[in-house]
Amino acid sequence: MYEILAKEELGTVNKLMVIDAPLVARKAQAGQFVILRVVEEGERIPLTIADFDREKGTITIVFQEVGKSTMHLGLLQVGDELASFTGPLGRPTEIENYGTVVCVGGGVGIAPIYPIARALKEAGNEVISIIGARTKDLLFWEDKVRAVSDELIVCTDDGSYARKALVTEPLKELCEARKDIACVWGIGPAIMMKFTSLTTKPFGVKTIVSLNSIMVDGTGMCGACRVEVGGKTRFVCVDGPEFDGHEVDWDLLMARQRIYLTEEKRAFDEFKLKCECDSGL
Amino acid sequence: MAEAKKPKREKIPRQEMPRQAPEVRRRNFNEVALGYTPELMALEAKRCLQCKKPKCIEGCPVRVDIPAFILKLQEGDLAGAAVALYADNNLPAICGRVCPQETQCEAVCVLGKKGEPVAIGRLERYVADWRISQGTEVPEMAPPSGKRVAVVGSGPAGLTCAADLARYGHQVTIFEALHAPGGVLIYGIPEFRLPKAIVHTEVEYVKSLGVELILNCVIGKTLTIDDLFDDGYEAVFLGTGAGLPMFMNIPGENYNGVYSANEFLTRVNLMKGYLFPEWDTPVRIGRRVAVVGGGNVAMDAARCSMRLGADEVIIVYRRSRVEMPARAEEVENAEEEGVVFNLLTNPVEIYGDDNGWVRGMKCIRMELGEPDASGRRRPIPIEGSEFDMDVDTVIMALGTRPNPMVFTDAGGLERTRWGTVVADETTGRTTRERVWAGGDIVTGAATVISAMGAGKRAAADIDRYLRGEITTWMPAEEAQKA
Ligand SMILES: Cc1cc2nc3c(=O)[nH]c(=O)nc-3n(C[C@H](O)[C@H](O)[C@H](O)COP(=O)(O)OP(=O)(O)OC[C@H]3O[C@@H](n4cnc5c(N)ncnc54)[C@H](O)[C@@H]3O)c2cc1C
Ligand code: FES
């Protein structure tokens with residue numbers, strides 16, 4: 001079960017995997033996520049769905065190796081199986097014909113923004129996409145996103161590829177130049193989503209973000225994922241993951257993301273050491 | 001009956017069960033209660049008077065024939081005792097450990113009138129553990145009916161319902177949202193109170209009856225109830241429990257260091273956080289931990305905190321000791337392990353530091369007024385009695401509600417304003433034809449034994465339905481009136 005059918009390196013940091021999960025693929029929609037465990041002793045980690053194929057019964061995930069679990073996942077090869085793979089969880093993106101929309105993907109957030117852009121395009125929207133990353137090596141899926149967008153703007157923070165800018169710069173220009181933007185979607189690291197929301201706020205353009213809080217079950221059972229939106233406590237896994245970015249308490253989200261920083265670092269360091277020892281044998 | 005010689009009414013005291021010493025067990029996750037030795041069991045069994053009109057049976061939610069199994073013990077016939085016990089209870093190794101016997105069978109034992117009741121739970125555990133040690137055998141099974149039933153949730157309600165349906169000859173599939181079966185038995189109740197090996201044995205037994213188990217499948221998300229019928233299941237049993245945590249809605253509840261008991265216990269038990277970093281899931285416990293609540297969940301959270309190395313663990317409960325709904329034995333265990341009880345106290349605010357971590361909690365003293373709807377005296381805040389408590393971790397164990405996820409895109413299922421599903425008590429029938437429900441999803445957070453009983457009753461009714469003995473589907477309300 002949950003066999004890895006394909007694996008691809010996206011630059012040197014991000015990895016893509018296609019997972020055999022027919023039950024998940026049957027219902028999957030843009031904006032939803034899965035929770036997986038790499039091994040029996042593994043933690044449950046949420047990953048937003050990057051693509052799905054109902055016919056083939058597959059789900060595509062894209063991840064950056066930021067800790068023990070993602071590094072461990074990255075070590076698996078085609079033919080290996082995951083310990084568990086649950087989904088599709090969370091509410092899907094509300095897809096409608098809004099008119100003109102902007103999809104902003106930052107870093108690994110380029111992956112989940114893709115199916116949303118595609119669905120919005122299919123629904124008849126004029127889709128303008130902005131993708132960006134720290135540096136060239138972290139960029140991926142430029143062609144894929146371009147194929148589902150009417151216009152694509154690419155940028156890197158360091159200027160190593162395409163335009164040298166943060167994604168918020170072209171976004172701000174768009175908001176200034178075009179008064180007809182109905183809605184913006186922004187997915188990426190919390191800090192990028194925060195600034196995306198701050199950028200659109202003065203223009204009064206509705207901005208949807210996909211929050212990446214810490215989770216355990218992903219079904220509303222634990223409250224680990226709680227955030228405050230519009231002054232009210234919400235569970236990201238069932239009430240989200242998408243929320244109105246102008247209403248999110250970003251400082252709280254970022255503080256809660258740091259709860260296990262010490263433990264995560266310890267587990268990561270010990271795992272790296274173990275991997276080095278194993279490969280040294 | 002005639003041959004069974006009644007033991008003389010000897011003055012044998014109620015036999016204590018050996019336990020790990022408090023100073024040792026408060027820092028390990030091994031089982032606290034060690035079980036009777038054969039000698040202690042024999043002495044305790046001897047105390048049963050074999051009443052002509054036994055009250056204990058009535059005290060048991062599934063009406064286990066308690067005197068019958070104890071009689072077999074008195075006769076030294078362990079195998080016979082096991083047969084008598086398993087006739088009414090599928091999960092005695094679990095019930096013997098977690099049932100609130102003091103409010104059920106043991107509460108009505110006649111010996112308890114003047115002295116101490118027979119330790120029924122401990123005897124039950126003894127018989128069940130013996131039977132497990134013998135290796136389980138597959139019981140008699142009815143010939144295959146060719147009918148398929150979907151059971152949603154693998155807690156005690158779902159497991160019991162599935163086992164009985166399989167024995168009636170039906171083909172059963174259990175759908176479980178988590179990656180491990182067992183419900184609260186696996187994610188909530190800690191290892192030191194209910195070893196997970198016992199839960200695994202029971203699950204393996206259910207599987208040995210031919211029940212298929214599909215894990216990682218969230219009904220309402222991965223599949224809906226309608227999908228189950230479309231896929232050919234002829235009946236659906238909902239045993240999804242009451243897994244939604246409650247918070248107090250006081251300021252500061254989202255600071256780092258505030259957990260729901262569900263999150264904390266899931267990290268510790270299901271995810272084996274106490275074995276971090278060998279197991280990947282971390283759980284962070286501070287120096288001084290407040291656990292808010294007075295039920296089993298609160299006791300479990302408090303005792304886990306102690307075992308994870310907290311310096312001080314304080315139970316904060318708004319009523320007094322007698323109103324605490326936890327099993328008496330667990331309150332006693334917690335106290336022996338050094339848990340402090342701050343009763344008639346209620347939190348009003350949680351303070352945080354600049355980095356968003358808990359640094360204290362403001363509480364108010366309470367007094368008891370008139371009894372409320374639950375029959376317990378209502379706690380009333382004493383004006384001006386606020387005080388600060390120096391804590392860095394707060395665990396909210398305030399009770400739970402059913403998770404509405406299972407109802408997504410499923411019409412026709414009436415629910416109460418507490419979120420529980422309306423179902424007939426004797427049959428488990430809901431307001432939607434071919435859907436039954438039982439356990440915490442119907443009653444709200446209750447007990448393992450009552451969930452099991454509901455699963456059993458629903459299985460019997462589903463069987464009648466599948467055999468064509470039920471022709472009209474009576475909505476739960478009408479069935480209740482009838
Ligand atoms: C910490 C704790 C300690 C307790 N201690 C005791 C005790 O000492 N004695 C006692 O008698 N009782 C105790 N209880 C209560 C007892 O555990 C419950 O009453 C009992 O487990 C209820 O059984 P159930 O089968 O109805 O539900 P649960 O045990 O809750 O099982 C429900 C199952 O359904 C699954 N599920 C939920 N939604 C879905 C879905 N949409 N799709 C698929 N699967 C789903 C859940 O993951 C879970 O596995 C305790 C409870 C807790 C939380
Ligand atoms: S992850 Fe547990 S409630 Fe959201």
Side-chain angles (χ1 to χ4, degrees), chain A residues 1-2 21 23-24 26-28 32 34-45 67-69 72 83-90 214 216-228 232-233 235 238 249 251-252 254-260 262-264 266-271, chain B residues 175-180 187-188 214-218 220-224 227 240-247 249 253-267 270-273 275-284 352 354-357 396 400 403-406 408-409:
Chain A
M1 283 241 269
Y2 318 123
L23 275 188
V24 184
R26 183 165 147 180
K27 283 266 159 66
Q32 292 185 296
V34 294
I35 288 209
L36 63 83
R37 270 156 67 251
V38 180
V39 285
E40 216 34 61
E41 300 79 19
E43 60 186 333
R44 294 170 66 97
I45 54 169
K68 176 179 177 183
S69 294
H72 201 168
S84 66
F85 195 81
T86 314
L89 299 168
I214 291 178
V216 183
D217 59 294
T219 63
M221 193 183 111
C222 73
C225 63
R226 63 199 192 277
V227 290
E228 278 173 32
K232 286 213 319 236
T233 296
F235 287 10
V238 287
D249 182 337
D251 294 342
L252 178 72
M254 287 187 261
R256 291 189 60 82
Q257 284 177 336
R258 286 193 298 267
I259 296 180
Y260 291 106
T262 324
E263 289 79 2
E264 280 161 12
R266 175 174 167 209
F268 197 19
D269 289 345
E270 284 185 20
F271 188 67
Chain B
F175 295 88
E176 168 57 50
L178 291 171
H179 60 262
Y187 79 72
I214 299 186
L215 300 172
N216 309 305
C217 185
V218 186
K221 284 285 172 192
T222 316
L223 295 170
T224 64
D227 290 333
T240 50
L244 219 58
M246 295 206 256
F247 287 92
N249 296 317
E253 242 176 338
N254 292 331
Y255 283 126
N256 290 351
V258 182
Y259 288 103
S260 74
N262 261 12
E263 178 189 353
F264 178 70
L265 291 172
T266 301
R267 284 183 180 274
L270 176 70
M271 306 310 296
K272 303 227 182 300
L275 299 177
F276 180 86
E278 283 74 43
W279 286 63
D280 290 348
T281 308
V283 56
R284 198 176 237 257
D354 293 342
N355 296 315
W357 284 87
M396 295 291 179
T400 51
N403 191 332
M405 191 166 271
V406 69
T408 314
D409 292 331

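We use all heavy atoms of the structure for the numbers below, so side chains are in, but hydrogens, waters and symmetry mates are not. A quick note: this is a predicted structure, and the numbers were derived from the prediction, not measured.
Contact annotation for A:Ile214: only side-chain heavy atoms (C-beta onward) come within less than 4.5 Å of a heavy atom of chain B. Residue contact with chain A, scored on non-hydrogen atoms closer than 4.5 Å, involves the side chain of B:Thr266 exclusively. Of the two parts of B:Thr224, the backbone and the side chain both hold a non-hydrogen atom closer than 4.5 Å to a non-hydrogen atom of chain A. For chain B, the nearby parts of A:Ile259 are the backbone and the side chain; heavy atoms of each come within less than 4.5 Å.
Ranked by heavy-atom pairs under 4.5 Å with chain B, the list A:Glu228, A:Met1, A:Glu264, A:Arg37 is led by A:Arg37. Ranked by heavy-atom pairs under 4.5 Å with chain B, the first of A:Met221, A:Arg26, A:Lys27, A:Lys68 is A:Met221. The residue among A:Gly90, A:Gly67, A:Ala267 with the most heavy atom pairs within less than 4.5 Å of chain B is A:Gly90.
There is no side-chain donor-acceptor pair under 3.5 Å between A:Asp217 and B:Tyr187.
Looking only at distances, a side-chain donor or acceptor of B:Ser260 sits under 3.5 Å from a matching main-chain atom of A:Cys222. With hydrogens and angles disregarded, a donor-acceptor distance shorter than 3.5 Å links the side chain of A:Arg256 to the backbone of B:Asn254.
A:Thr219 OG1 to B:Leu178 CG: the interatomic distance, rounded to the nearest 0.5 Å, is 6.5 Å. Atom-to-atom distance recorded for B:Trp279:CH2 and A:Glu43:CD is 12.5 Å, nearest 0.5 angstrom. The distance from the NZ atom of B:Lys221 to the OG1 atom of A:Thr86 is 13.0 Å, given to the nearest 0.5 Å. Note that the CE atom of B:Met271 and the CD atom of A:Glu41 stand 10.5 Å from one another [nearest 0.5 Å]. To the nearest 0.5 angstrom, A:Gln257 atom CD is 10.5 Å from B:Asn256 atom CG.
A salt bridge links B:Arg284 to A:Glu263: at least one charged side-chain nitrogen sits closer than 4.0 Å to a carboxylate oxygen.
Listed here is the closest heavy atom pair of A:Phe85 and B:Asn216: O-CB, 3.9 Å.
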Starting from the C-alpha separation in whole Å, work towards a yes-or-no answer on side-chain contact (heavy atoms from CB on, under 4.5 Å) for B:Glu253 and A:Thr233. CA-CA 9 Å; B:Glu253 242 176 338; A:Thr233 296; over 6 Å; no
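Put simply, the side chain of A:Val238 reaches to within 4.5 Å of the side chain of B:Met405, judged on heavy atoms.
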